[in-house]
Structures are given as structure tokens and as C-alpha cells.
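Reminder, nothing fancy here: chain letters follow the sequence lines and each chain counts from 1. Keep in mind it's a predicted model, so treat the numbers as computed, not measured.
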Amino acid sequence: MTDETTSRIPTFIREAVAKDLKNGRFNYIRTRLPPEPNGYLHIGHVKAFLIDYFTAQEFGGELYLRFDDTNPSKEETEFVDAIKEDAAWLGIEWAKETYASDYFDLLYDWAVKLVKLGLAYVDDQTQEEMSASRGTLPKGTKWSETESAIKPGIDSPYRNRSVEENLDLLERMKNGEFAEGSRVLRAKIDMSHPNLLMRDPVMYRIMNAHHHRTGDKWHIYPMYDWSHGQNDSMEGVTHSLCSNEYMIHRPLYEWFLQKLEAFPSRQIEFTRLNLTYAMMSKRKLRKLVETGVVRGWDDPRLTTLRGLRRRGVTPEAIINFVTGLGETKNDSYVEMAQFEAIIRDDLNKRALRRMAVLHPLKLVIDNYPEGQVEEMEAVNNPEDPSAGTRKVPFSKVLYIEQDDFRETPPPKYFRLFPGNEVRLRYAYFVKCTHIVKNEAGEATEVHCTYDPTTKGGDAPDGRKVKSTIHWVSAEHALPAEVRMYAQLFTVERPDDGELETIVNPNSLEALEGYVELSLANARVGEPLQFERTGYFTPDLDSTPEKPVFNLTVSLKDTWSKIEKKG
RNA sequence: UGGGGCAUGGUGCAACGGCAGCACACCGGCCUUUGGAGCCGUGGAUCUUGGUUCGAAUCCAGGUGCCCCAGCCA
């Protein structure tokens, strides 16, 4: 049974499914995940994937992964593999992998059945003719500036062909006897139906493209409406869960299955996920990749699953985010900040803490013995004692962040400035004595003295410092490239804008910094926190000589807020 | 003068005729060997007009606003 408090699927779906089980409409549950293999998965797909997966799971049913490969001109095997890999990474398990194309033969038989029933016909009209005879939507909708009222469609002159002629024509369409685009098979429903989809929708079109699985066997390929519901039914899918835009297709979905007297799969719709600053449009995503705005489909600035993975976002964070959104049928736009909060929450619990200096400034401890090296014990994760501790080498010359020193401190600035004492994390108290400047007047070296009695970070005399800063030992540090990311887009809803005007030219900044030696063999994808900076993960561009890190998400930075307010 | 869907703080959700609550964001404070985390607190919402009712975010009627639908895309 499902537990109301832990359910990960929308309430209205859970209730509908439970009811179907209770009143005997179905005695088992099967859902399907229907990606079209024409692109990479992004965060927008995840919601559908998870709802399908968890619905099956919560009701002890199973999930089929069915590739919707009905349009050979757009689909490629490359994407099939990528989608499977991404779905598996997310943790989704499917009972069976199928393809719409597995059912092409059966589907054709069903079409013949419909023709024999007098419910489908071959139409010889051109595409323009068909479009013109479909009728119009009324004024006020974005498609009609001129018509004041909805206009019914006009019956095709070929609508009343005999069953025999239709059967013959359909057979010949299948055999490749006709030119591409010259004829279609249409369902015979109602050309004046208020729902335009019911005005004799196209079932098959002629295409001579090579299909990634069926090769050159077929010359006709089914449309979405004449495939999806039929496949659901053929597979015994009980609940076909899809986004709200398909709501208008439901009457057609049901019409076909009723006329066919086929297994009555049920379509239920939910609101798709919209995320601010995330691009979901496949067309635009492709353009970003092809024009080199980003470095590939797995660019960490993208909200593709591959991009998120490379960025260091875990599957758990993604699942927590999506399932935690709750559900209504409202159109909605979720703020990226909410996603980031979940990512931080997830990483806070699991990321190993490390020290890394992103904008190095040399700090010299004048009274520290030349050549001495001490191993300081550092906690790996204060949120998780079982993560243990590590040793970090400490010596006379260190690097600290440029930001952690000001020659003339602003109000409420507690870090290093001449005369001020701070704690070097896990090491000693140091007090700034003087600085060395270059010709431009910039500080190039900060000189300090340390208090040997404060080893470990506490003063025996009980005095306090207001700030703790991080550091790496210059002699023992590892040079590293650290890639800092900002929003890729300058507008909240990039899907609505023109690419040329909405791309943030400063979304990537590659820093040359220094990191703890222990990071030399960090695993690609491993979650890390650079203390006081943010969450990072090693990128696959890393080499043994020079690791590369991606910023996953920054730590909440309250100082910058204080500073902004002045 | 078409059909379908949806309206609750800035954002996303909850309240299924009975005190409008949660998360994120925002603001203030406490604490802190991460200006992180954690803890405490403030402000802010039922699209509108009527009706039913002891009582309406919830039920009814009208209005308004937003979204989807004229691919031989999915």
C-alpha cells in the first residue's frame, strides 16, 4: 500500500490510480516512459520519468521504457544509448525496453481494421489543401487575426472512398508505390468537431527515410496520435502519464481504443516542469551546442542530465527537488534558487571539506621557523563525524584568498587587515604586521606573526578572533584550474528569448588556484566542498598534474550581502 | 461567437464546509574553528462580484485573467 506521507507522486495521480485498482478497471499497474530519441534528457524530462517510475513502484507495478521512434527523419541510435545511460544514472529501473517500431506490423493491422470498419480513409489532398479545409479557430486566439468565429472544416473529396479502394491504396502506400507526401491515411471522425484534433487526424504519412531499427522496410510511418495510445494498449500499459499539453489529445486517444475495442489504457496529465534560467527547448539547446556557446551537451552550465552530472549535482538532489515540488494542474515556473537550495542541502551532508585558494595572495609568517612543516589535523565533514579527519601540511609561506585581506577594511570586516588577528583554519592565530606592495600599489605579500600557543585554533588565554580563514601551504599546494559558473542566461525564461540576446557572456570564469595536496587523486564527480567558497567536483578534464574542478553551487554568501548594503 | 485547462504571499505547494499552513526567497537576531551549517523571529496571499450556509480558499452563478489546440512533430 502507498503511504501518504512518503509518496513521491502527485496526490491526484495516486488517487486516480488507487481508484482504478479499487473499482476493478485494472488489476495491476504498468506505466511507460516514452522518450523520443532525438536529443539528450534535461531536467524537464525528469519529472515525467520520476512520476512514471514512482507510480509503478508505489503500486507494485512495472515500468516500460519505450522509445517513441515514429519519425525516422529525426531520430538516432546515439540518443537511445544516451537516454538509457542518463535514466540509469538517475536510478530509474525499467522492466522492459521497447520501441514504438516494435509494433509497426501490429499497428498496420489495426489500421486495416479501422479501414474495414469504415473509420479511416486515404486522402490524396495536398498538405495545403488539408490545412485549408481544417477550418479555423476564432479571433482572439493567436492563430486567427481575421476570423471572428470558429469555422468548421470541410470534408475531403476523398472522404467517402469505398473500403476496398482504401484498403488497396493503404497497401500500396505501405509498399512504397507513391511519392512522399502524396497521400495520408486519416481517421474518419468529424470535420466540424470543436476539438481540431478530432477533425479527421492523420494516422500515417508516407516517408522514405531510413529508420534506425526497421531499416528500409517501411514507407509509411505513424503519427503520434496513431501510435502512442495504441502502443500503450498493446503493451498493457494501465496509466499513460503525460504533461498537460496532451490533454487535448485524450479524446482522440480514447476514440481509437474504443473503436478498436482494445485494452483501455488511461491517459492522465500533469503540469510540466518549468525552471527559471533553464533552457528546455531541444532546438535551442542544440543551437547552443552547435554554435559553441557551450562546450557540449554535458557542459556544466546546461540543465541537461549530463550537464548536471558533470556539474556535480547528484541524482538524489534531482529526485528530492522534483518530487518535493508538489503538484497541481497550474502552469508554474519554479525558481532556480529552490533547486540550488536542495543541491546545497544534499551536498552539505555528503561533501568532503577541503581547502582551496581560488585567488591566491601570499602570506608569510615571519616568526615561523624556516623549513618547518607541521601536519594539521582537519575535519573532513562536520556534518558527518564518520567521514573522519585528514592531515594538512602547514609551513612558513601560505596562500590565502585575496578577498580575505584588506589594507583598509570596510565596516564589519573581520578578516585580515594590518593589526588584526584571525585564525588560520585548523592551524594558528596570525596577526598582520605589514604588507609588501608592487609598483602598482597592490599587496603582493601579507606579513604576519603567529602565536605558537594557539596551535589547533584555540588560544589558551581565552582570547577570541572574529574570523577564520582558509589557506594552503605554498610549498605543498597543487595548482588547479577551478571553473566558476554563473547563470548561462540573462533572463529568467530563456526558452522565450532570442538566443543572441540572452546569453550571459560571463557564465564561465576559469581560475588558476591552489588546492590541498589531498585533492590530487579526487575522483571525477566526487562531491567536495571548498571551505567558505562552495561545492565543487573534479571535472573529467583533470590530469594527474593538474586537476580541474567545477563549481557545483556556491555556499550562501552572507558577507556579500552585508557589503552590498554598505 | 470554438474546445479544453488553470487561478492561495515574490516563487512552488498545503488546507477536500470549521483558527489560511509549509518550503524556497526576503528581512532581523542568536550561535559558530567555514560570514557555511544550525537555531529563533518579522513582514507578506485566497483573481473579482454575487449567492447558498451558523460558517466558504473550498459549494453554486456571473465576470476577469493566464495557458494549450489550425505539423504529413512528439
Side-chain angles (χ1 to χ4, degrees), chain A residues 11 34-36 38 68 70-71 73-75 123 126-127 130-132 134-144 147-153 180-186 192-199 202-207 220-221 223-225 227-228 242-251 269 271 276 282 324-342 344-345 348-349 353 355 378-379 382-383 412-415 423-427 456-458 465-470 529-535 554-562:
Chain A
T11 307
E36 184 187 12
N38 71 344
D68 227 334
T70 58
N71 188 344
S73 66
K74 296 167 65 171
E75 296 147 6
D123 194 340
T126 64
Q127 210 167 141
M130 266 186 61
S131 173
R134 189 156 17 230
T136 58
L137 258 15
K139 190 173 184 175
T141 60
K142 69 177 175 184
W143 296 280
S144 181
E147 302 292 337
S148 62
I150 188 165
K151 244 175 35 193
E180 224 168 88
S182 61
R183 281 172 232 262
V184 292
L185 183 73
R186 299 178 78 177
S192 59
H193 197 106
N195 179 346
L196 261 48
L197 280 166
M198 298 296 274
R199 319 247 264 221
V202 172
M203 296 165 62
Y204 278 117
R205 75 282 212 186
I206 299 173
M207 288 178 95
I220 54 173
Y221 289 93
M223 299 289 290
Y224 167 84
D225 285 307
S227 170
H228 200 98
C242 58
S243 52
N244 283 157
E245 59 210 275
Y246 291 97
M247 211 176 289
I248 193 168
H249 293 253
R250 188 170 1 110
E269 309 86 10
T271 304
T276 61
K282 277 183 185 173
L325 288 175
E327 182 65 32
T328 60
K329 286 214 166 208
N330 310 352
D331 291 343
S332 62
Y333 246 95
V334 182
E335 290 178 341
M336 183 62 87
Q338 189 155 346
F339 188 25
E340 289 184 345
I342 300 276
R344 282 193 192 96
D345 186 54
N348 180 41
K349 291 174 196 135
R353 272 57 171 177
M355 290 197 284
V379 172
E383 305 291 319
K412 291 185 184 167
Y413 185 88
F414 305 136
R415 288 120 97 168
R423 173 168 37 234
L424 293 175
R425 179 136 235 230
Y426 300 126
D458 284 305
V465 289
K466 296 204 82 166
S467 184
T468 301
I469 66 175
H470 61 275
Q529 185 197 98
F530 290 171
E531 295 216 33
R532 304 203 305 130
T533 306
Y535 294 98
S554 66
L555 248 24
K556 266 201 271 183
D557 180 7
T558 50
W559 166 246
S560 67
K561 235 180 258 173
I562 294 168

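Note that OG1 of A:T70 is 6.5 Å distant from CD of A:E36, once rounded to the nearest 0.5 Å. A:R186 CZ to A:M223 CE: the interatomic distance, rounded to the nearest 0.5 Å, is 11.0 Å. In this structure, OH on A:Y204 lies 14.0 Å from CE on A:M207, to the nearest 0.5 angstrom. Within the model, atoms OG of A:S467 and CZ of A:R532 stand 6.0 Å from one another, a figure rounded to the nearest 0.5 Å. How far OG1 of A:T271 is from CD of A:E245: 10.5 Å, rounded to the nearest 0.5 Å.
Distance noted for atom P between B:C68 and B:C59: 26 Å (whole Å). B:C39 sits 50 Å from B:A74 when the C1' atoms are compared, rounded to a whole Å. Rounded to whole Å, the C1' atom of B:G17 lies 35 Å from the corresponding atom of B:G2. Atom name P, nucleotides B:U46 and B:G28: the rounded distance is 26 Å, in whole Å. B:U42 and B:C27 are spaced 7 Å apart, taking the C1' atom of each and rounding to whole Å. Here the separation of B:A7 from B:U1, taken at their P atoms, is 25 Å to the nearest Å. Annotation: B:U8 and B:G3 have their C1' atoms spaced 27 Å apart (nearest Å). To the nearest whole angstrom, the two C1' atoms, one in B:G12 and one in B:G38, are 24 Å apart.
Considering only side-chain N and O atoms, A:R186 lies nowhere under 4.0 angstrom from the phosphate OP1 or OP2 of B:C72. At least one side-chain nitrogen or oxygen of A:K556 sits closer than 4.0 Å to the OP1 or OP2 atom of B:A37. Contact annotation: A:S227 does not reach the phosphate of B:A74 (side-chain N/O to OP1 or OP2, under 4.0 Å). Put simply, A:K561 has a side-chain N or O that comes within less than 4.0 Å of OP1 or OP2 on B:C26. Not one side-chain nitrogen or oxygen of A:R199 sits closer than 4.0 Å to the OP1 or OP2 atom of B:G2. Between A:R532 and the phosphate of B:G35, there is a side-chain N or O to OP1/OP2 separation shorter than 4.0 Å.
Comparing B:A25, B:C6, B:G12 by their closest approach to the side chain of A:S332 singles out B:G12. Nearest to the side-chain atoms of A:R205 among the listed nucleotides B:C24, B:G35, B:C72 stands B:C72. With B:A14, B:C24, B:G12 as the choices, the nucleotide that has an atom nearest any side-chain atom of A:T328 turns out to be B:A14. In the set B:G12, B:A74, B:C6, B:G12 carries the atom at the smallest distance from any side-chain atom of A:Q338. Of the listed nucleotides (B:G2, B:A14, B:A74), B:G2 has the atom at the smallest distance from the side chain of A:P194. Nearest to the side chain of A:D557, among B:U11, B:C73, B:G35, sits B:G35. Across B:C72, B:U34, B:A7, the shortest atom-to-atom separation from the side chain of A:N330 is found for B:A7. Checked against B:A74, B:A25, B:U34, the side chain of A:Q529 finds its nearest nucleotide in B:U34. Checked against B:G10, B:G12, B:A37, the side chain of A:E335 finds its nearest nucleotide in B:G10.
Residue A:V202 is classed as a sugar-phosphate contact, given heavy-atom separations below 4.0 Å to backbone atoms only. Nucleic acid contact class of A:M223 (heavy atoms, under 4.0 Å, all strands): sugar-phosphate only. Nucleic acid contact for A:R353: base, since at least one base atom lies under 4.0 Å from a heavy atom of the residue. Within 4.0 Å of A:K412, counting heavy atoms only, lies at least one base atom of the nucleic acid. Within 4.0 Å of A:P382, counting heavy atoms only, lies at least one base atom of the nucleic acid. Nucleic acid contact for A:E340: none, since no nucleic acid atom lies under 4.0 Å from a heavy atom of the residue. Within the 4.0 angstrom heavy-atom criterion, only backbone atoms of the sugar-phosphate kind lie near A:R134; the bases stay farther away. Here A:H249 lies in heavy-atom contact (under 4.0 Å) with a base. Residue A:S73 is classed as having no contact, given no heavy-atom separation below 4.0 Å to the nucleic acid. Contact annotation for A:R415: base contact, defined as any heavy-atom pair under 4.0 Å involving a base atom. A:N71 comes within contact range of the sugar-phosphate backbone alone, with a heavy-atom separation under 4.0 Å but no base atom that close. Using a 4.0 Å heavy-atom distance criterion, A:I248 is classed as a base contact. Residue contacts shown for A:Q127 include a base, since a base heavy atom lies under 4.0 Å away. Counting any heavy atom pair closer than 4.0 Å across all strands shown, A:Y426 reaches a base atom.
Contact of the A:V379 side chain with the A:E531 side chain is not registered, since no non-hydrogen atoms from C-beta on lie closer than 4.5 Å. Two residues are said to be in side-chain contact when any heavy atoms from C-beta on lie closer than 4.5 Å; A:R344 and A:S554 meet this criterion.
With A:N195 contributing its side chain and A:L197 its backbone, the two residues share a donor-acceptor pair below 3.5 Å. Checked by atom type and distance alone, the side chain of A:R134 never pairs as donor or acceptor with a backbone atom of A:G153 at under 3.5 Å.
If you take CG of A:D345 and C1' of B:A37, they are 10 Å apart, rounded to a whole angstrom. Rounded to a whole Å, the NE2 atom of A:H228 is 14 Å from the C1' atom of B:C73. Taking atom OH of residue A:Y221 and atom P of nucleotide B:A74, one finds them 12 Å apart after rounding to whole Å. Per the geometry, CZ belonging to A:R250 stands 9 Å off C1' belonging to B:G4, to the nearest Å. For the pair A:E531 CD and B:G36 C1', the computed distance is 9 Å after rounding to whole Å. Taking atom CE on A:M336 and atom C1' on B:A25, their separation rounds to 15 Å, with Å as the unit. Going from atom NZ of A:K349 over to atom P of B:G36 covers 18 Å, rounded to whole Å.
Glycosidic conformation of B:G12 is anti; the angle lies outside 90° of 0.
With hydrogens and angles ignored, no donor-acceptor pair closer than 3.5 Å exists between the side chain of A:E269 and the base of B:G5. For A:E383 and B:G36, a side-chain-to-base donor-acceptor distance below 3.5 Å is present, hydrogens and geometry of angles not being considered.
Within the 6.0 Å centre-distance limit, the rings of A:Y224 and A:H249 are counted as a close aromatic pair.
Summary of the strand contacts: A:T533 and A:L197 both lie near RNA chain B, and taking for each the nucleotide with the nearest heavy atom, the more 5' one is attributed to A:T533. For A:D458 and A:T271, each mapped to the nucleotide of RNA chain B holding its nearest heavy atom, the one lying further toward the 5' end belongs to A:T271.
Checking B:G50 for Watson-Crick or G-U wobble geometry (two distances, each under 3.5 Å) identifies B:C60 as its partner. Across every strand in view, B:A20 sits unpaired, with no contact that passes the Watson-Crick or G-U test at under 3.5 angstrom. Pairing partner, B:G2: B:C69, with both Watson-Crick or wobble hydrogen-bond distances short of 3.5 Å.
Aromatic stacking is marked for A:F414 over B:G35, as both cut-offs hold: 5.5 Å for the centres and 30° for the planes.
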